[in-house]
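Side chains are part of it too, since the values below use all heavy atoms of this structure and drop only hydrogens, waters and symmetry mates. In listed order, ligands and their atoms are each counted from 1.
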Amino acid sequence: MQKMIAVLEGDGIGPEIVKEGVKVLNAIENKFGHKFNLEYCPFGASAYFSDGSCFPEKTKSVCDEADAIIKGPVGLAVTEMNKIPQAERPEIAGILPLRERYDTFANYRPVYLDKSYAEISTLKEELVSEGIDIMMIRELVGGIYFGKKVEGESTGMEYSTDECTYKRKDVERIAHVAFREAQGRNKIITNVHKSNVLATSRFWNAIVEEIAKNYSDVQYNSILVDNVAFQLVKNPRQFNGVMLLENMQGDIITDQAGGLLGTLGLMPSACVGPDKGYVEPAHGSAPDIAGKNIANPYSMIGSVAFMLEKFFDLKEEASLIWDALKKVLKDGYRSSDIADKNTPKEKILSTADFGNKIAEYIK
Ligand code: NAI
Ligand code: MG
């Protein structure tokens, strides 16, 4: 197979972890005889400083041509970010336009911990000893993040607005994605919402429940988002299966999921649109650890596996990567974010060595 991939390294730990993702991609190329042509393009805060825009025109045209996009996290520490005008910052002028451009409405965020290494979790052993296997599916191009905004500065600091809208078609398509995903898993879906307060949540639920009727083989549960925040750390196992979340609630709850795993470094993701999409770790650019070769590249390497699976239909290649990720952890290796006092020093891997191990297992 021959494919063209746009690579957006991003900021902070972005370049370090993207490098490991590409290392693993090269290992797959060599093993299976594929040819992936990579085109590196500026994106994020670094692109703002080098090219005057977080999502430069030349990057847009490479992404338009590409078969898929690998994206590292973007953003800088607050003091650095303040050097960029609000409207030009990476989220507003980079990530949201990227999502909108390719209509990447379906965000897959697996929350996975094998029982053989469940001790990585921050939770008590008895809560996670059977492992965790949740696929969080977040709607990614609707809701409050994409609604009309009124900045406080424009009203003399008298008021500010973020509008939240969901259209029928937005809810229908993400619900179908989630139910189909549930059919391929344990056939349990949990719909997350805030219907006791939000009109958009009541609308969302009504449509999701209509769609549920087409999937009688899937057990449908529904729960308020604040209770999810509580239950996720009290008894995460009850959510094994698929969780369906709207955009902002999904943003927050998936980060909490990283917390219960023990690190955001174990959170890969795929952002899928009708024609194409991109993959990125679910976390940010971690400026606090950038440039130290200690970031956990699992999230980026898993995202590369997602790219092969979701965009190129290379299932065998993808599962080889997922298996290698599990094997490295089963074998007791840890990146520094998940190492603890019991981890022998020689088992603690740098970012680059973690990538080397995965590539070695793939060979
Ligand atoms: P963050 O997700 O970058 O970091 C939160 C914590 O998790 C930090 O302690 C960090 O060191 C740790 N962490 C994250 N990824 C890790 C990894 N792979 N290995 C080990 N530790 C890891 O969140 P934060 O600090 O709030 O945001 C930093 C920047 O990232 C901000 O500018 C923010 O706007 C941006 N951001 C970008 C996203 C994207 O590109 N999609 C998503 C979320 C935030
Ligand atoms: Mg987030």
Side-chain angles (χ1 to χ4, degrees), residues 8-21 43-49 54-55 69-84 86 88-99 104 107-109 111 120 122 136 138-141 143-145 245-271 277-304 325 329 334-340 348-355 358:
L8 321 179
E9 293 179 288
D11 307 312
I13 60 170
E16 296 167 61
I17 59 174
V18 166
K19 193 170 173 199
E20 302 316 306
F43 187 79
S46 50
Y48 176 81
F49 293 118
C54 285
F55 194 5
I69 302 159
I70 293 176
K71 175 194 159 293
V74 295
L76 301 173
V78 178
T79 45
E80 285 303 298
M81 203 72 124
N82 286 341
K83 296 178 185 160
I84 307 179
Q86 182 60 47
E88 300 295 327
R89 290 183 190 170
E91 277 84 1
I92 298 294
I95 300 177
L96 296 184
L98 176 68
R99 290 176 182 168
T104 56
N107 184 204
Y108 294 77
R109 294 190 164 183
V111 183
I120 289 175
T122 43
M136 293 192 171
R138 167 185 171 197
E139 200 291 324
L140 202 61
V141 294
I144 198 165
Y145 288 6
L245 304 110
E246 65 85 62
N247 201 348
M248 183 163 110
Q249 295 171 23
D251 189 6
I252 297 168
I253 295 298
T254 55
D255 257 38
Q256 189 182 356
L260 81 86
L261 292 182
T263 176
L264 288 170
L266 293 178
M267 294 284 295
S269 99
C271 310
Y278 71 99
V279 292
E280 65 172 353
H283 55 73
S285 57
D288 51 335
I289 57 166
K292 296 183 179 159
N293 195 24
I294 57 170
N296 185 350
Y298 180 115
S299 53
M300 192 70 241
I301 295 169
S303 300
V304 165
L325 285 166
L329 297 176
R334 299 285 182 263
S335 44
S336 26
D337 53 332
I338 48 176
D340 64 19
I348 301 178
L349 300 177
S350 67
T351 308
D353 285 340
F354 199 108
I358 303 288

For the residue pair Val111 and Ala257, what are the closest heavy atoms and their distance?
-> CG2-CB, 3.6 Å

Check whether any side-chain heavy atom of Ser303 lies under 4.5 Å from a side-chain heavy atom of Glu280, and answer yes or no.
-> no

Give a yes or no on this: more than 12 heavy atoms of other residues, nucleotides or ligands lie within 6.0 Å of atom CE of Met81.
-> yes

Are side-chain heavy atoms of Leu98 and Phe43 found at a separation under 4.5 Å?
-> yes

Set of residues that line ligand 1, where lining means a heavy atom lies under 4.0 Å from it = Ile13, Lys71, Pro73, Val74, Gly75, Leu76, Met81, Glu91, Ile95, Leu264, Gly265, Glu280, His283, Gly284, Ser285, Ala286, Pro287, Asp288, Ile289, Ala295, Asn296, Asp337

Sorted by chain and number, protein N/O/S atoms nearer to the Mg ion (ligand 2) than 2.8 Å are Asp251 OD1

Using modelled atom types only, decide if a donor and an acceptor are shared between the side chain of Thr351 and the backbone of Ile294 within a distance under 3.5 Å.
-> yes

Nearest heavy-atom approach of Ile17 to Asn296 is CG2-O, 4.0 Å

Indicate the atoms forming the closest heavy-atom contact of Tyr298 with Gly265, along with that distance.
-> CB-O, 3.3 Å

Pro287 meets the side-chain contact (heavy atoms from CB on, under 4.5 Å) criterion, sequence neighbours left out, with Ala77, Ser285

Who are the side-chain contact (heavy atoms from CB on, under 4.5 Å) partners of Ala339, not counting sequence neighbours?
-> Arg334, Thr343, Ile348

